[in-house]
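So the structure is just underneath, and the comments pick up after that.
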Amino acid sequence: MTNSDISSVFDHVADLLEYQGGNVFRVRAYRNAAHTISRMVESLASVRAAPDRKLTDIDGIGADLAGKIETLLDTGRLPLLDDLKAKIPAVVFELMRVPGLGPKKVKVLVDELRIDSLDALEQACRDGRVRDVKRFGAKTEAAILDNIAFAKSPEHDRLLWEEADEIVQTVLAWMRRCAAVRQAEGAGSWRRGRETVGDIDILVDSDDAAAVMDHLQAWKECGDVLLRGDTKTSVRGPRGVQIDLRVVEHDSFGAAWQYFTGSKDHNVRLRSRARDRKLTINEYGVFPLVLGADADAKRVRGKKSASRLSQAAAIAGRTEQDVYQAVGLPWIPPEIREGGDEIALAERDELPTLVSLDDIRGDLHMHTTATDGEATLGEMVRAAIERGLAYIAVTDHGQRVTMAHGLDAKRLRKQWGEIDRLNDSLAEEGRPPIVVLKGIEVDMLEKGGLDLPDDVLEEADWVVASLHYGQNQPRDRITKRIIEAIENSCVSVIGHPTGRLINRRPAYEVDMEAVIEAAAKTGTFLEINANPWRLDLNVPHAAAAKKAGVKLVISTDAHSTRGLDVMRCGILQARRAGLEKEDIANTRSLAQLKKLLK
DNA sequence: GCCGTTTTCGGCCCGACTGTTTTCAGTCG
């Protein structure tokens with residue numbers, strides 16, 4: 001079993017225990033373990049096999065869970081999960097995906113109304129049977145009906161980061177036009193640069209929350225108001241996305257931004273650390289933990305006085321830096337606030353200096369009208385110069401990609417002739433603004449080998465090898481095709497190494513550990529394809545590649561001049577993987593890049 | 001179920017909002 005198999009077993013157990021109403025901390029232990037395992041670079045099997053290490057060395061894995069991991073590795077099954085599954089109907093997971101329905105409410109619906117499908121729930125709502133269940137009512141029934149309809153609509157996929165970014169920028173610009181707004185910032189998974197964004201979180205600094213919330217509702221793109229309280233409101237925005245707006249006062253802005261950015265796991269760990277230091281963190285600030293304060297807080301829960309009372313004694317809150325500093329840490333970049341090892345790294349002052357867009361000097365994967373690009377060679381070069389790049393590689397498709405009118409040797413050499421002339425003319429007046437590399441994106445063929453012969457590829461400055469066909473082949477075949485390309489001395493980099501398309505197509509079956517090992521051994525680069533649909537390598541793979549000493553390249557795979565702008569998406573992906581400038585080959589000057597080539 | 005420069009037992013992050021309640025449970029992030 002792989003780490004991700006074991007992680008999903010633990011997640012599943014957590015779901016089932018939660019449904020049963022089991023100990024919440026036991027549920028959390030399973031969830032923590034699942035989360036930790038899913039982020040691990042090393043396989044659990046190899047940790048177990050290593051003579052000097054134990055499974056219990058892993059944070060959040062104790063004797064019990066270590067035993068369960070061993071059972072899973074040995075047998076592929078977990079008796080606990082089998083038992084739970086036998087007791088709990090499968091429909092509960094479908095029902096729990098309806099917003100507003102958690103384990104407790106689903107349990108009541110299943111037990112009292114014998115609901116056995118989403119359709120049955122919908123019918124029960126229409127029949128007015130749900131409102132008669134204890135602690136349900138007409139409003140809850142109507143909300144369930146609305147949410148079922150919403151969940152069924154095809155548009156309800158999480159947005160790609162880039163799509164979310166467009167909405168975030170628009171809504172921030174609108175909110176900043178409000179006179180009552182001192183500051184407005186985006187938070188949540190958008191700020192953490194996640195591949196996809198579920199809903200959009202906006203934080204505002206203001207003394208007049210009502211005016212700020214009114215302003216959001218006056219936005220022309222604002223749809224239904226889902227909820228509205230004194231300081232918080234949720235509305236539907238463009239494309240049906242939920243926008244959560246939270247308003248706080250000036251002195252709490254940093255604490256609220258930290259809290260609202262998450263992730264949940266990061267915040268749990270940070271707040272746990274605060275407790276160890278006799279402090280407590282909430283979205284209003286950092287406060288001394290007073291004996292008996294918990295009981296007091298519970299008594300006044302739901303009343304606004306709770307936050308006001310504690311606010312008087314805040315020792316931090318205005319900026320995020322203050323909040324982290326109050327618990328003895330440097331500021332942690334949002335992209336790595338995922339509840340992994342970032343707090344431990346921060347404590348040891350070993351946080352990576354994450355790569356940034358300004359570090360990028362070249363773009364090594366793009367297409368032109370010679371194959372399936374929208375812009376000509378000249379237009380792409382001009383666009384690259386405008387973006388301040390020092391070099392690019394033009395990498396149109398090889399001949400196997402017939403759909404894109406892929407290049408055979410003759411047409412490729414013709415393009416390279418154009419590139420030579422272009423470079424010459426750019427060099428005529430002293431220092432050229434950009435150098436254009438003669439490249440190609442060759443295909444790794446179904447039967448093995450590449451779609452252009454080595455004697456042609458040897459003339460190229462830069463060769464991207466990608467796999468577009470035969471994606472359904474078994475794992476060992478695909479792995480072999482890729483490793484064969486890696487071992488070819490002409491191949492510079494493997495393009496979009498796993499082939500996944502977010503929300504559309506899973507990765508093909510490939511042994512990435514073997515691919516990374518081969519890349520490390522031969523000095524072949526691996527690509528982080530910055531296309532927002534791809535972001536391939538993913539974060540765990542990119543982190544594993546770094547750990548193995550593989551150099552990575554962030555490339556746009558642009559098919560138009562505008563396509564060059566997705567570099568920032570690739571940067572976010574690299575940052576989330578903890579990558580630094582030195583890990584990325586195209587942060588080098590061209591001369592240094594050439595030295596790195598095998 | 002995990003964990004320990006106060007602890008091997010007794011804690012475990014924290015608060016807003018809603019709906020259905022006469023005081024709070026459930027859900028969400």
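The chains referred to below are lettered A, B, ... by the order of the sequence lines, with proteins before strands, and numbering in each begins at 1. Given the structure is predicted, the values throughout are model-derived calculations rather than measurements.
A:Ser234 contributes atom OG, which lies 9.5 Å from atom CG of A:Leu216 (distance to the nearest 0.5 angstrom).
Taking the six-membered ring for Trp and thresholds of 30 and 60 degrees, A:His266 and A:Tyr324 have ring planes inclined between 30 and 60 degrees apart. Taking the six-membered ring for Trp and thresholds of 30 and 60 degrees, A:Trp190 and A:Trp161 have nearly parallel ring planes, at less than 30 degrees apart.
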Where do N or O atoms of nucleotides 8-10 of chain B meet protein N or O atoms at under 3.5 Å, pair by pair?
none

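Comparing B:dT20 with B:dC3, their P atoms are spaced 41 Å from each other, to the whole Å. B:dG4 and B:dC17: their P atoms are spaced 36 Å apart (whole Å). Using atom C1' as the reference point in both B:dT5 and B:dG1, the two lie 24 Å apart (nearest Å). Taking atom C1' on both B:dT6 and B:dG11, the two are 13 Å apart, rounded to the nearest angstrom. Taking the C1' atoms as reference points, B:dG29 lies 12 Å from B:dC13, given to the whole Å. As rounded to the nearest Å, B:dT18 and B:dT7 have P atoms that lie 44 Å from one another. With both ends at atom P, the span from B:dT27 to B:dT21 equals 16 Å, rounded to whole Å.
Nucleotide B:dT8 has no partner under the Watson-Crick or G-U criteria, as no pair reaches both atom distances under 3.5 Å.
Across all strands shown, A:Asn32 has no heavy atoms under 4.0 Å from either base or sugar-phosphate atoms. If you check every strand for non-hydrogen atoms under 4.0 Å, A:Phe136 touches sugar and phosphate atoms only. Here A:Ala138 lies in heavy-atom contact (under 4.0 Å) with sugar-phosphate atoms only. Nucleic acid contact class of A:Leu270 (heavy atoms, under 4.0 Å, all strands): none.
Per the geometry, CD belonging to A:Gln242 stands 18 Å off P belonging to B:dA16, to the nearest Å. Atom CG of A:Asp59 is separated from atom C1' of B:dG4 by 13 Å (rounded to the nearest Å). We find that CG of A:Asp230 is positioned 9 Å from P of B:dT18, with the value rounded to whole Å. The CZ atom of A:Arg246 sits 12 Å away from the C1' atom of B:dC28 (whole-angstrom rounding). As rounded to whole Å, 14 Å separates atom C1' of B:dT18 from atom CG of A:Asp244. Following rounding to the nearest Å, A:Leu245 (CG) and B:dC17 (P) show an atom-to-atom distance of 11 Å. In this structure, the CZ atom of A:Arg277 is 16 Å from the C1' atom of B:dC13, given to the nearest Å. Taking atom CG of A:Leu101 as the reference point, atom P of B:dG19 lies 14 Å away to the nearest angstrom.
At most 12 heavy atoms of other shown residues, nucleotides or ligands fall within 6.0 angstrom of atom CD in A:Glu166. Applying the 6.0 Å contact sphere to CG of A:Asp349 captures no more than 12 heavy atoms from other residues, nucleotides or ligands.
Nearest-nucleotide positions on DNA chain B for A:Leu226 and A:Phe260 put A:Leu226 closer to the 5' end. Toward the 5′ end of DNA chain B lies the nearest nucleotide of A:Arg26, the other residue of the pair A:Arg26 and A:Gly229 mapping further downstream.
Nearest nucleotide to the side chain of A:Lys139, out of B:dT6, B:dT20, B:dC14: B:dT20. Listed candidates were B:dC2, B:dT27, B:dC13. Nearest to the side chain of A:Asp64 is B:dC2. Closest to the side chain of A:Asn282, from the set B:dG15, B:dC17, B:dC13, is B:dG15. Nearest to the side chain of A:Leu227, among B:dC2, B:dT27, B:dC17, sits B:dC17. Distances from the side chain of A:Thr231 to the nucleotides B:dC17, B:dC13, B:dT27 place B:dC17 closest. Which of B:dG1, B:dG29, B:dC13 sits closest to the side chain of A:Arg28 comes down to B:dC13. Side-chain proximity of A:Lys232 to B:dG15, B:dT27, B:dC17: nearest is B:dC17.
In B:dT7 the O4'-C1'-N dihedral to the base is within 90° of 0, which defines a syn nucleotide.
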Throw together a table of side-chain donor-acceptor distances under 3.5 angstrom for residues 109-126 of chain A, partners on residues two or more places apart or in other chains.
| residue | atom | partner | partner atom | Å |
| --- | --- | --- | --- | --- |
| A:Asp111 | OD2 | A:Lys107 | NZ | 3.1 |
| A:Ser117 | OG | A:Asp119 | N | 3.4 |
| A:Ser117 | OG | A:Ala120 | N | 3.0 |
| A:Asp119 | OD1 | A:Lys152 | NZ | 3.3 |
| A:Glu122 | OE1 | A:Lys152 | NZ | 2.8 |
| A:Glu122 | OE2 | A:Arg126 | NH2 | 2.8 |
| A:Gln123 | NE2 | A:Asp127 | OD1 | 3.0 |

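For the OP1/OP2 pair of B:dG1 and a distance below 4.0 Å, the side-chain nitrogens and oxygens of A:Lys68 include at least one atom meeting the criterion. Put simply, A:Tyr284 has a side-chain N or O that comes within less than 4.0 Å of OP1 or OP2 on B:dA16. For the OP1/OP2 pair of B:dG19 and a distance below 4.0 Å, the side-chain nitrogens and oxygens of A:Arg135 include no atom meeting the criterion. Neither OP1 nor OP2 of B:dC13 sits under 4.0 Å from any side-chain N or O of A:Asn267. Contact annotation: A:Ser234 does not reach the phosphate of B:dT18 (side-chain N/O to OP1 or OP2, under 4.0 Å). The phosphate of B:dT18 has neither OP1 nor OP2 within less than 4.0 Å of any side-chain N or O from A:Thr140. At the phosphate of B:dG29, neither OP1 nor OP2 sits under 4.0 Å from any side-chain N or O atom of A:Lys264.
Partners of A:Arg228 under the side chain to side chain contact (heavy atoms under 4.5 Å, CB included) rule, at least two apart in sequence or in another chain, are A:Ala210, A:Met213, A:Asp214, A:Gln217, A:Val225, A:Thr233.
A side-chain donor-acceptor contact under 3.5 Å links A:Asp57 to the backbone of A:Lys54.
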Could you walk me through whether A:Ser8 and A:Asp11 pass side-chain hydrogen bond (donor to acceptor under 3.5 Å, both in side chains), step by step?
-> CA-CA 5 Å; A:Ser8 53; A:Asp11 245 336; over 6 Å; no
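In this structure, a donor-acceptor pair under 3.5 Å is present between the side chains of A:Asn267 and A:Gln258.
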